[in-house]
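Below is one structure, written out as structure tokens; comments come after it.
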Amino acid sequence: MSRRTALGFGSVAAATTVLGIADPAAAQEAPSVSAQATPEQAAAAIGLVYKAATKTAGGTWNSKVSVEGATGPISAVDEGVDDTVEAYSVNKIPVAIAVLDKVDRGLLALDQRIEVTSAIVIPGGDGIFSLDGAYPSSVTLGHALTALLTVSDDTAVRLCGLVAPALEINQILVAKGFPRTQVQPVANPNRFFLGTTTPTEMHNLLRALVRGDLLSPASTAYLLGLLRSPIAFTDGVRREMSSDERARIATKAGWYEDGRNEAGIIFDTAGAPLLTYAFFARGQAHPEDFGATHPAVQARALMGRAFLSILARLSGTAEAARLTARTYRPSNGG
């Protein structure tokens, strides 16, 4: 299949707008596939965009991306998909799934309170708890999960560990079919490092979540609502998008040392899933840069804009659950 055929574009010049993505402006102007394009063509186009973006970024990538087709996922990217990788904060999604599994079984409640002591707060790093400056305090479990999945709060990991110890989290994930998506226990049973996964397992976990196979409908909607919220991660896949476009994407990033990861789902405008992605990158230049200018993060921003344009003429399958994001209404206080 030629690049022109794969992308469904009217000219080779239009196709190179997507494929020549060294310039961020090019990705913003990426045209969509034609009205007659199929999910298979979209997957082929997405694979070409991925290849160009990751080549520019350099380093090592382990990634799995698929487009939803009439009978199941259509592979767009399969690169090192069964390698065990450091998940970093992407594994906050499975941690939240384990906690919400206990909520669904009546063992926990979102409105139960957790004490935040000075001893449990991780100084520096990411999140809001380390900025409070006044302890002890107390928050609900729902507040802790919100901080965990939106601003990727490090202390929120420890708060979740108070109600779901490491070994129990791992057992829940194994029971749900994800034996290689595991947190790393430490001496304190209520604390853990975020551990490992594989691109295949993270991709499949996200698809199972959207299908409603992992949690109750209420918990599924709650978790996806956090990942699709305006304050969820915006430096990567969602960066070059409007607020409405960002609301169509549930995403979670993870970063530590030289690793830069992101995994999520792109929905159509009606709320059905169109594309699932799991990117695990390491070894790029400037590992000290944890901002939007890191090469791997820039690559994900370019891919996100191009992917959304390629998918613009497609709709999710009729059988897919419709998961509509909350309407974003900014406030001026009062």
Side-chain angles (χ1 to χ4, degrees), residues 84-114 116 120 122 126-127 129 139-228 232 250-254 261 263-265 276 278 323:
T84 299
V85 294
E86 293 290 340
Y88 303 131
S89 288
V90 170
N91 257 8
K92 289 175 181 174
I93 297 176
V95 168
I97 287 172
V99 171
L100 288 168
D101 176 82
K102 295 186 69 174
V103 171
D104 288 344
R105 289 184 283 136
L107 302 176
L108 299 173
L110 289 178
D111 61 358
Q112 74 179 69
R113 302 199 73 84
I114 305 173
V116 183
I120 206 169
I122 299 176
D126 298 296
F129 286 111
V139 298
T140 64
L141 177 58
H143 183 110
L145 287 172
T146 298
L148 181 79
L149 294 179
T150 59
V151 295
S152 199
D153 196 288
D154 295 328
T155 296
V157 176
R158 291 183 174 182
L159 297 178
C160 289
L162 293 177
V163 299
L167 292 180
E168 184 178 20
I169 289 172
N170 286 342
Q171 289 168 354
I172 291 170
L173 293 172
V174 169
K176 290 184 180 294
F178 306 102
R180 298 178 66 185
T181 302
Q182 301 278 279
V183 300
Q184 180 183 341
V186 296
N188 184 331
N190 297 105
R191 294 188 183 180
F192 47 85
F193 295 116
L194 285 164
T196 57
T197 187
T198 70
T200 293
E201 281 207 356
M202 186 56 61
H203 168 275
N204 292 348
L205 179 145
L206 290 169
R207 293 191 71 250
L209 174 66
V210 170
R211 289 196 307 268
D213 294 345
L214 303 183
L215 298 169
S216 69
S219 290
T220 299
Y222 174 77
L223 194 158
L224 289 171
L226 296 177
L227 296 175
R228 293 175 68 174
T251 201
K252 183 72 192 75
N261 307 331
I265 306 147
T276 305
L323 299 162

Of all heavy-atom pairs linking Ala166 and Val183, the shortest is O-CG2, 3.8 Å

Could you go through residues 141-150 and list every donor-acceptor pair under 3.5 Å that involves a side-chain atom there, pairing it with any protein atom two or more places apart or in another chain?
from: Thr146; atom 1: OG1; to: Gly142; atom 2: O; distance (Å): 2.8
from: Thr150; atom 1: OG1; to: Thr146; atom 2: O; distance (Å): 2.6

Interatomic distance, CD1@Ile265 vs CG@Leu206, rounded to 0.5 Å, equals 4.5 Å

Strictly by modelled atom types, are Asp111 and Thr140 linked by a side-chain donor-acceptor pair under 3.5 Å? no

Quick note, side-chain hydrogen bond (donor to acceptor under 3.5 Å, both in side chains) partners involving residues 164-179, not counting sequence neighbours, are Asp101-Lys176, Lys102-Glu168

Report yes if some heavy atom in the side chain of Leu194 is under 4.5 Å from a heavy atom in the side chain of Ser89; otherwise report no. yes

Counting C-beta onward and ignoring hydrogens, is there a side-chain heavy-atom pair between Val210 and Thr220 closer than 4.5 Å?
no

- request: Would you mind reporting whether Leu110 and Tyr222 have side-chain heavy atoms less than 4.5 Å apart?
  value: yes

| Taking C-beta and beyond as the side chain, do Phe192 and Leu167 meet within less than 4.5 Å on heavy atoms? | no

Nearest heavy-atom contact between Leu205 and Leu214 is O-CD1, 3.5 Å

Hey, mind stepping through Val139 and Val116 against side chain to side chain contact (heavy atoms under 4.5 Å, CB included) and telling me if it holds? CA-CA 7 Å; Val139 298; Val116 183; 4.0 Å; yes

The salt bridge (charged side-chain N to carboxylate O under 4.0 Å, His left out) partners of Asp126 (sequence neighbours excluded) come to none

Quick one: does any side-chain atom of Glu201 pair with a main-chain N or O of Thr181 as donor and acceptor, under 3.5 Å? yes

One should read off an interatomic distance between Arg207 CZ and Met202 CE, to the nearest 0.5 angstrom, of 15.0 Å

Closest non-hydrogen atoms of Asn91 and Gly195, given as atom of the first, atom of the second and distance, are ND2-C, 3.8 Å

request  = Give the C-alpha distance, both sets of side-chain angles, the deciding distance and a yes or no for side chain to side chain contact (heavy atoms under 4.5 Å, CB included) between Gln182 and Val174.
outcome  = CA-CA 8 Å; Gln182 301 278 279; Val174 169; 3.7 Å; yes

Rounding to 0.5 Å, atoms CG (Leu100) and CZ (Arg105) come to a distance of 11.5 Å

Across all chains, not counting sequence neighbours, the side chain to side chain contact (heavy atoms under 4.5 Å, CB included) partners of Thr155 are Ile120, Val121, Ile122, Phe129, Asp153, Leu159

Checklist entry - Taking the side chain as C-beta and beyond, is there a heavy-atom pair between Asn261 and Tyr88 under 4.5 Å? => result yes

Looking only at heavy atoms, the pair that brings Ala278 and Ala263 closest together is CA-CB, 4.0 Å

Val103 and Ala109 have their tightest heavy-atom pair at CG2-N, 4.4 Å

Heavy-atom closest pair (Leu108 atom, Val99 atom, distance to 0.1 Å) is CD1-O, 3.9 Å

Applying side chain to side chain contact (heavy atoms under 4.5 Å, CB included) to Thr84 and not counting sequence neighbours gives Arg180, Thr196, Thr198

Residues passing the salt bridge (charged side-chain N to carboxylate O under 4.0 Å, His left out) test with Lys92, sequence neighbours excluded, are Asp154

